[in-house]
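Input: a single structure, listed below in C-alpha cells.
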Amino acid sequence: MIKTEKILHLKSSRGRKVRVVREHYLREKIPCFSALCQADCDNNEGKVLPGDLTHYVVPDVGIVLDFQEILEFREIQGIIFTQTACQAVQHNKGRRQYNRLRNLLKDPRHDCVLFANEFQEYSYCPREKGESQEKWQTRCVYSAAVWYYNHLAGLKDIVMVTDDAEAVAQYSSLNSGVYVITMKARARATTYYLADRRYDMLPEVLSANLCSLLGGVDRYAMSVLWELDADSLEVKNVWFGRTLIRSSYQLHYELAQALLNGDEAEVPELDKLKPEEKDERLIQLIQALETLTHVARHLRAQRDRGGALELEGVEVRAQLDSEKNITALVPRQPLEVHETVAECMIFANHWVARKIQESFPHQALLRHHPPPRQEHFSQLQESARARGFTIDTRSNKSLADSLEQALDPQDPVVNRLLRMMATQAMSQAMYFSTGAVPTEQYYHYGLALDRYTHFTSPIRRYADVIVHRLLTAALEQDRGLSVAVASNRELEETSQHINNRNRAAQHAQKLSTELFQCLFFRDRDPQTDPTCVSDAVIYAIRDNGLLVFVPQYGVKGPVYLRSREGLVVTAGADGSCEWSSGTVKRHSDHITTSSVSGSATFSLFQHITVRISVQSNRCHADSLNLEVIRNTPHETPDPDPGQSQSRVQLVQEVRRQAEEASLQKASLKPKLSREERHFCQSKQPNLYSLLEEIRELSLMDAEASAKKLCATTA
Amino acid sequence: MAGLELLSDQGYRLDGRKATELRKVQARMGVFAQADGSAYIEQGNTKALAVVYGPHEMRGARSRTLHDRAVINCQYSMATFSTAERKRRPHGDKKSTEMSLHLKQTFEAAILTQLYPRSQIDIFVKILQSDGGNYSVCVNAATLAVIDAGIPMRDYVCACTVGFVDETPLADLCYTEESGGVSSLALALLPRGGQIALLQMDARLHQDHLETMMEAAMTACKGVSKVLDEVVRQHLQEASALSRD
C-alpha cells in the first residue's frame, strides 16, 4: 500500500475557507469483476461481468449524473461504473439517487460493476494545479478505462462514453485501445438538418447503422400491426410490440413510384435472379406496393373528411458537386409514394398516441396543433379575394375545402401561393404532457386527428424516444408488471425543452437554406448569367413594392418599386422596366407606378421577370436582391408543359452541368486543405441521402413542413 | 459534509484502507538530545512528540514522594497549530487533564516503578498535528520514549482506537471517521500477555458489539506492537553501529 495525500479546499461551518489534507492509500490488488480477468483478481464475491459481450462501457461522470435512467436499462450490459462517478452522484444528486445507483450495482439482473479506480495504484490521477473538477473527473475515468483495457490484456474493447467534446478529441488521439464517444442525445433533443450537413442527435454508431433499416439485415424494431377488413379497410385489431424486421427491398422513392406507374425499373435486389423468378418477385412487389397505396389513399380520404390540411412548404435542396460547391437549388418533387409513406406514419403515430394516452392518462407525451387565430388569416383572405376566391377559415375542413376550390386553371402557382399563406397563419404544433392540458386541447388541427404523437423516428427526435419508452411501459402494464414512468411535471419540462430545441433547429435550418441561396447566386454574374433571371409571382402588395415568390428556386423576397432616391419603376411597351422619378399608388390588390416615361401596374398573382443578385451588407449576412426587369412572365429556355416535368428536366440539366464542371475541374483540381477533405460530403448513395428522404417524408406531416418556410417579408 | 460513506459496499473506507488496516506508522527515537528519552511518531497524519525525563529526584511537592516506587508524572498537550482551527488554550483544559491522567494510569501499569523508589519520572507528550486517534498515538510515542530513556517496562504499551460502522469494526480511526458520529473505543494493551492497560469509550454501543470491538482492537494493537518493535530494533542497530565506529 502506498500512502499519498489528497488536498481539498472546503468551507468550514463558519464559512471560512479551509485547506484540508487527507490521507489516500493506493493499492494494486483491486478486483476488476470481469470474467476475462487474466491476473487472478479476487472476483469471487458479487457480480462478475460476462466475457461474451462485444465491449464494456465506462460512462463518464456527466453521463452517470444525467443519464442514470438510461444506464439502468437491462439491455445495456457490461457497464463499469467508476468510483469517481459514484462519488459525484453522492455529492451532487443526493441520497436518493445514490441509493438507486447502489441498488443497481447490487442487483444481479444488471450487468454492471463498480470499480474502485481511486484506490488503484495505476489508475489514480492526482488533481493537477488549476484543473477543473470536471476535467479531472474525466481524466480519472479515462485512466480507469485504460487500466481496465491493459488489465484484460486487450481482450475486450473498452468504450468510454463522455459528454465533454474536448475530452473526446483529446483522448481519441491517444492510442490506448479505449474508444471515446459522446452522448448528447437529450441535450440536442433533435437532429439538425442544414442544407449541406447534418448534426445528429445520436452518435454515428447508433443512427447510421444499428438503428436504421438496411435491406436484408435484421434489425430490432418497435412495431404497430393493424388488421384491416379486406373490403371496408376498417381497423379490426391493433397490436403493439417488439419485433425483428428484415427488409426484403430497399427502394428509393423514385424507384417505387416508377414501379407503381408501370415503368421499367431496375430493382437491385432482383438483379441476380433468373428471369422467371425475377418476374414473379417483381409482380409480388408491385402488388404489395399497390395494396399499400390503396390503403394509404383510403386513410387520406378519411382524414380529408375530417378536415386535414395540405399545406405547401417551400422546400429547396442545395445540389452539391463533388467538391461541395453548389450547382443548383432544386425544389422538392412530391410523388404519390411520398404521400403513401407519410400517411402510414401518421396512422402509426395516431394509434400509438391513443395507446399511451389510454394507459397513462396523465403522463403521456402527445403532440397537438392548436387552431390558428382568425386574425392571422387576413392576408390570405385578402389575396384570395383579389382573384375572386373566398376562403372559409372557420374550421380546418372548411379551410381545406376552400383551398381545394381556389384553383386558377391557367396558373397553378396561385393555389400554391394561397396554401403558403395559409401555412404562415398556422400556429405552432407542440409537444405536451397529457396531465398538463385539458382533453379538449389534444386536437391536432393540421392533421385532423384527436390524438397524435411522434413515434416513427427515434433516431432523430428525442420525443420519439420518450414515446417508445411509454409504449414499452404500457405494454408491460398490460401484462401486469408494475412500471415507473416520468411524472407529469417532468414530462412537461421535457416537452418544453424539446419544443425550444425544435424551434432553434428550425431557425438554424432556415438560416442555412438562406445562406446556401446566397452562395448559389454569389458566384454568378447577375447581368450575364441566364440562371439569375427568373420568373416570379407576386403574392403580396406593400406600400413601396411587392413581395414575390420565385418558383424555380423556391425563393421569396421583396421587390422594390420605389427606390430610396425616389425613382420608380415603369414599364415600356415591350414590358422592360426602367427607373425614373415618379410616384407610386397602392390599391388593395394592385399597385401602380406613374412617371414621365410611362406607368406600370402590378397586380396580385401576376408573373414578372426578376433578376436575382446578392446584396452584401457589412452588418448583416448577405441577402438576395430581387430586381424587376420585365413586366411580363419569363420564358424559360425549355418550354414547360407541366411544372413537374420542367423540374425533372431542371434536375437532369443541373446534374449534367455538374458532371461537366467536375470533369473540367478534374485536371485543375485545387488542393483541398485537410479540413475540407475531412468534412467533404461522402459519395452517393449514402446513408445521409437515405435519411434525407425519410426525413422529407416524416416532416410532411403537415405542420412540420409548414414551419420550414424561408419567408422574408418586407 | 453529510452523507460521507465511512465504509463502502466493497469494503473500502474513505481513505482507501480496508476495515482492519492501520495507517502508515513512521517513528524515530532519540530525536531530542537534551532529554533522557524522546521519540517522534507519525501515525497517518497524526504526529506526536514524546519526551521523558527521569528517573530523577522528586521535584515540586516533596510530600508526594512514594517510599517504595517512582511517581510518574504525565503531561499531555496539543500544539496550537495542531488542529484545523487554531487552539486558544493549549494547556490546562479539561480534555488535556483527562488525557494526562489516562496516560499516567497506563504507564503506571507498564513501567517497573518498584525499581526506582522515591523518584519521579516525567513524560511529556505533545501533539503536533491532530488527525484522529490522539490518545493512541500519544501512548505509542511515550512507549518509544520510555524505551529510549532506558527505563524498564513489562512490555510495549500499544494503543489503538477502534470504531464501529455497519456491523464492522474499523481499526485506527482518522479524524473524519471519528467526527462522523462513530462509536469509538480506545484500548491500550500489553501485547505479549494480552493484558489491557486501559480501555476507554464515551460513546454509545450495544453490548453485543463490545466483544467484537475489543477483539478488533487487540488485533490492531498487536499490529502496532510489531511496528514499534521494528523501530526499536532499527534504532538499536543504528546506535550500535555509530558507537562502534
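Naming: A, B, ... by sequence-line order, numbering from 1 per chain. No hydrogens, no waters, no symmetry mates; every other heavy atom, side chains included, goes into these values.
Of the atoms belonging to Arg27(A), it is side-chain heavy atoms, and not backbone ones, that fall under 4.5 Å from chain B. At a 4.5 Å heavy-atom cutoff, Val20(A) makes no contact with chain B through either its backbone or its side chain. Using a 4.5 Å cut-off between heavy atoms, Thr176(B) contacts chain A through its side chain alone, with no backbone atom that close. For a residue to count as touching a neighbouring chain, one of its non-hydrogen atoms must lie under 4.5 Å from one of that chain's; by this rule Leu26(A) does not touch chain B. Of the two parts of Glu5(A), only the side chain, counted from C-beta on, holds a non-hydrogen atom closer than 4.5 Å to a non-hydrogen atom of chain B. The parts of Asn45(B) that come within reach of chain A are both its backbone and its side chain, each placing non-hydrogen atoms under 4.5 angstrom from that chain.
You'll find the side chain of Arg13(B) reaches within 4.5 Å of the side chain of Leu173(B), heavy atoms only.
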### Message
Set out, in order, the CA-CA distance, both residues' side-chain angles and the distance that settles side chain to side chain donor-acceptor pair (under 3.5 Å) for Thr161(B) and Ser136(B), then state yes or no.
### Response
CA-CA 6 Å; Thr161(B) 346; Ser136(B) 324; 2.9 Å; yes
#### Entry: Derivation of the side chain to side chain donor-acceptor pair (under 3.5 Å) call for Asn140(B) and Thr143(B)
CA-CA 5 Å; Asn140(B) 297 333; Thr143(B) 306; 5.2 Å; no
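A salt bridge links Glu72(A) with Arg100(A): at least one charged nitrogen is closer than 4.0 Å to a carboxylate oxygen. A salt bridge does not link Glu23(A) to Lys24(B): none of the charged side-chain nitrogens sits closer than 4.0 Å to a carboxylate oxygen. A salt bridge is absent between Lys226(B) and Glu230(B): the closest approach of a Lys/Arg side-chain nitrogen to an acidic carboxylate oxygen does not fall below 4.0 angstrom.
Residues meeting the ring pair (Phe, Tyr, Trp, His ring centres under 6.0 Å) test with His24(A), sequence neighbours left out: Phe119(A), Tyr124(A). Partners of His9(A) according to the ring pair (Phe, Tyr, Trp, His ring centres under 6.0 Å) rule, which considers only residues two or more places apart in sequence or in another chain, do not exist here.
The interface of residues 79-88 of chain A with chain B, defined by heavy-atom distances below 4.5 Å, is empty.
Heavy-atom pairs under 4.5 Å with chain A were tallied for Asp15(B), Asp9(B), Leu14(B); the largest tally goes to Asp15(B).
Sorted by first and then second residue, the ring-ring contact (aromatic ring centres under 6.0 Å, His included) pairs with a member in residues 156-189 of chain B read Phe164(B)-His209(B); sequence neighbours excluded.
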